[in-house]
Amino acid sequence: MKGFGTFNTPNHAASDSYVRVVLGPVRGLPVLLPAAGECLAEELLPRLDALLLTGSRSNVWPRHYDGPPHAEGTPEDHARDATTLPLIRAAVAAGLPLLAICRGMQELNVALGGTLDQRIQDLPGRMDHSTPSDQPYAPVRTAKAHLVRVDRGGFLASLLPAGWDAGPCGASIAVNSLHNQGIARLAPGLVAEAWAPDGTIEAVRVGGALGFALGVQWHPEYDWERDPNSRAIFEAFGRAVAAAAGRRQQGAAPVGIRAAEAALLPQAAE
Ligand SMILES: N[C@@H](CCC(=O)NCCCC(=O)O)C(=O)O
């Protein structure tokens, strides 16, 4: 939910970069979901082939992870939280392909029971991962900001182009950085797959997921046209979307709902 125009009129919106990347390397048809609450999980999810959770300057309401209130003026989006958190749990339980970007990765962590640090730049030994929101020059705002070390044996590494780790940076890739918040306690069922030099978790996968279920703290949608690592993430997501679409068109239920739910959300199996 974003305010537009003179009267800050509430609108449901997503950046053009997400639409372009879905139409491009994902080779999908983007459907923008309104922040309409939990009903989307029940009514709409069965009609979708995959879920891409976008970034946003707003932040997950701390009540969702028993965190302290945000500092005055920190942007929040309760309508989005009320929509995405149940949607994520339903998508993970259904084995729907899921790609979570920046705020999306933070929502994934909270939805599955994890917590967030609200200003990691204020924590001892941590970098400032934010980019000034008033930075008017897009190439600066979206530029590579630091390296992340990627687990060579992980799911993310399996998506990257051959030789991604053969350069002078070894098993590290360069990423942009536009966030103040980060994962504090990793949710049960999530597996960390990449880390910034200060230890900030930069990528996670849903452990035990039956398909593509990845979160990244950076924004590969900003540079997929020139960065083969960014493009490879979306192309792999696109292959998962196509497979899910094929299953849905054949009338098959999303993979392993009950099996995934029992594995990932133990309380749901009780
Ligand atoms: N607000 C959170 C998440 C940051 C985030 O998603 N940034 C993206 C900003 C650009 C956009 O609107 O896509 C945090 O600060 O950690």
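Residue numbers start at 1 and run along the sequence shown. We count ligands from 1, going down the list as the structure has it; atoms in each ligand are counted the same way.
For the residue pair Glu76 / His70, a side-chain donor-acceptor distance below 3.5 Å is found, with atom types taken as modelled.
Counting protein heavy atoms only, atom 9 (C) of ligand 1 is closest to Arg57 CG, 4.0 Å. Nearest non-hydrogen protein atom to atom 11 (C) of ligand 1 is Tyr222 OH, 3.8 Å. Distance from atom 13 (O) of ligand 1 to its nearest protein heavy atom, with residue and atom name: Tyr18 OH, 3.3 Å. What sits closest to atom 16 (O) of ligand 1 on the protein, heavy atoms only, is Gln181 N, 2.8 Å. Ranking the protein heavy atoms by distance from atom 2 (C) of ligand 1 puts Asn59 OD1, 3.2 Å first. Atom 7 (N) of ligand 1 has Leu178 O, 3.0 Å as its closest protein atom, hydrogens excluded (heavy atom only). Summary of contacts: the protein heavy atom closest to atom 6 (O) of ligand 1 is Ser56 N, 2.8 Å.
Only the backbone of Ser58 comes within contact range of ligand 1, with a heavy atom under 4.0 Å; no side-chain atom does.
Taking the six-membered ring where tryptophan is involved, the planes of Phe212 and Phe155 are perpendicular, since the angle between them exceeds 60° and thus also 30°.
Using modelled atom types, one side-chain atom of Gln106 and one backbone atom of Gln181 make a donor-acceptor pair closer than 3.5 Å. With hydrogens and angles disregarded, no donor-acceptor distance shorter than 3.5 Å links the side chain of Arg89 to the backbone of Ala41.
Of the charged side-chain nitrogens involved, at least one lies within less than 4.0 Å of a carboxylate oxygen, so that Arg20 and Glu225 count as a salt-bridged pair. Note on Lys2 versus Asp77: no salt bridge recorded, every NZ/NE/NH1/NH2 to OD/OE distance being 4.0 Å or above. Ion pairing between Arg103 and Asp81 holds under the 4.0 Å rule for side-chain N and carboxylate O. Ion pairing between a basic and an acidic side chain is recognised when a charged N comes within 4.0 Å of a carboxylate O; Lys144 and Asp227 show such pairing.
Residue-ligand proximity: Gln106 is placed with a non-hydrogen atom under 4.0 Å from ligand 1. Residue His219 places a heavy atom less than 4.0 Å from ligand 1.
The distance criterion of under 3.5 Å between nitrogen or oxygen atoms is not met by Lys2 with respect to ligand 1.
Taking all heavy atoms of Asp77, Asn176, Asn180 into account, the minimum distance to atom 15 (O) of ligand 1 is reached by Asn180. With Ser15, Ala14, Cys102 as candidates, the residue nearest to atom 5 (C) of ligand 1 on a non-hydrogen basis is Cys102.
Under the salt bridge (charged side-chain N to carboxylate O under 4.0 Å, His left out) criterion, the residue pairs touching residues 46-60 are Asp49-Arg248, with sequence neighbours excluded.
Each of the following atoms of ligand 1 lies closer than 4.0 Å to a heavy atom of Gly55: 6 (O), 13 (O).
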